[in-house]
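Some notes on the structure that comes next.
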2 protein chains.
Amino acid sequence: MALAEAILVCLTDRPMSGYDLAKTFDASIGLFWRASHQQVYRELARLRERNLVESTEVEQRGKPNRIVHTITEAGEHTILQWSLKPCKMPSIKDELLVKFYALETVDIPALSEQLGVRIDQHRGKLNVYHRIKERFYDGHNLSTSQHGKLIALTMGISNETEVIQSLENALVMLQDTQD
Amino acid sequence: MALAEAILVCLTDRPMSGYDLAKTFDASIGLFWRASHQQVYRELARLRERNLVESTEVEQRGKPNRIVHTITEAGEHTILQWSLKPCKMPSIKDELLVKFYALETVDIPALSEQLGVRIDQHRGKLNVYHRIKERFYDGHNLSTSQHGKLIALTMGISNETEVIQSLENALVMLQDTQD
DNA sequence: CATTGTTATGCAATTATGTGCATACTATAA
DNA sequence: TTATAGTATGCACATAATTGCATAACAATG
């Protein structure tokens, strides 16, 4: 259950509320590990039980109170232990590629359209990556942990760039099939 | 639940037993949609209930009997309907990239080693892709459904190639950090 | 002759994830 | 003033996936 570790990793940066974490999982770290807000809240409850985070309610004016979670020493120890263990290959599940597997049974115009949508989604992701890179990393002096994030980001950028390229190629190849 | 559809897609090729399907999900289509044998058997039971496949036991000598599953017309209709619906973005979950996010808390030599392992895994995958391509697609006359598989395979090859490249870069960047 | 490997199927229990809903307060715009 | 959007937390139910186990026939290797 690496969701627990992903949350702890976020909290090494700064203490956060469940809401902050959910937003983080929608953007920065969410580019490499997706989680919904319900998952985050559930996991936070478990982390609190295991004493890997400490939670304190913070009063706010004009807004509901926040419950801010701070990583404990035991939490940091958990990350270190986890970092020593080998990691699983990410398990791929891509409906789009499965659809290519049954091109004779599938509606090809619909598939073309879906390819177009997918290309746009990856272009969007690439833009997000670029903006984050310019905003936080280009021309800055980087700490170790920032350096790590930049490495991940760089991998993300070249991967998205390549994916867009090959999806565009696939679109052309698919249109050749239609004739 | 696109596992159902992924199985149906496999069965458009030829009737298969659960065991055949499990192996297919370990190799060819499994490169784009991973599933364990338990998942396959469970899903097959459901597909049979929904009359999307027909199952007949085939006696064998020297081996346990096989239960061979054939896609029905209703099954092919299900694929067509599914092909019209937009598909979800694959949800990424990569521990390795998450570990880069906490480079200050993580054991860097261990991470380097894991990067090496990951590179080897992707090299292995790339080899498999190349062998499949040479074996089944290069210099052959292709049917529509084979053409689709080739497109998916081509995407796989360029993606793996790129991933290996950027993991190697990441390894160098990580070693620069260590000093 | 015992062990390991391959073919072949499946259950049970647990863990993970997703979907929909519920609550509550505030700011802003139509 | 009604609707919409944003902040903030969370439960309940349903579906999906993983892990471990169980069975059973045979083949090959040491």
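Below, chain A is the first sequence line, B the second, and so on; all start at residue 1.
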Is it true that B:Glu95 and B:Arg118 make a salt bridge, defined as a side-chain N closer than 4.0 Å to a carboxylate O? no
B:Asn65 CG - C:dT9 C1' separation (whole Å): 11 Å
For DNA chain D, note the earliest and the latest nucleotide, 5' to 3', having some atom under 4.0 Å of a heavy atom belonging to chain B. D:dA16 to D:dC26
Hey, what else clusters with [X] if you join Ile, Leu, Val, Met, Phe, Trp, Tyr whenever side-chain heavy atoms sit under 4.5 Å?
X        : answer
A:Ile67  : none
B:Val172 : none
B:Tyr19  : B:Tyr41
A:Val58  : A:Val68

Contact check, residues 13-30 of chain A vs DNA chain C, heavy-atom distance under 4.0 Å, returns none
So, B:Thr144 side chain and A:Leu103 main chain: donor-acceptor pair closer than 3.5 Å or not? no
If every non-hydrogen atom of [X] is compared with every non-hydrogen atom of [Y], which pair is closest and at what distance?
X        : Y        : value
B:Leu52  : B:Leu8   : O-CD2, 3.9 Å
B:Lys99  : B:Val106 : O-CG2, 3.8 Å
A:Arg135 : A:His140 : O-CE1, 3.6 Å
A:Ile79  : A:Ile71  : CD1-CD1, 3.9 Å

In numerical order, the residues of residues 84-92 of chain A whose heavy atoms come under 4.0 Å of DNA chain D are A:Lys88
Please enumerate all protein N or O atoms sitting under 3.5 Å from an N or O of nucleotides 14-16 of chain C, with distances to 0.1 Å.
residue : atom : partner : partner atom : Å
C:dA16  : OP1  : A:Met1  : N            : 3.4

Among residues at least two apart in sequence or on other chains, which ones pass salt bridge (charged side-chain N to carboxylate O under 4.0 Å, His left out) with [X]?
X        : value
A:Glu43  : A:Arg46
B:Arg66  : B:Asp20
B:Glu160 : B:Lys125

Do B:Lys149 and B:Tyr137 make a side-chain contact, defined as non-hydrogen atoms from C-beta onward lying under 4.5 Å apart? yes
Could you run down nucleotides 21-28 of chain C 5' to 3' and tag each one B, S or - for protein heavy-atom contact under 4.0 Å? ---B-S--
Any donor-acceptor N or O pair under 3.5 Å, side chains B:Ser158, A:Glu162: yes
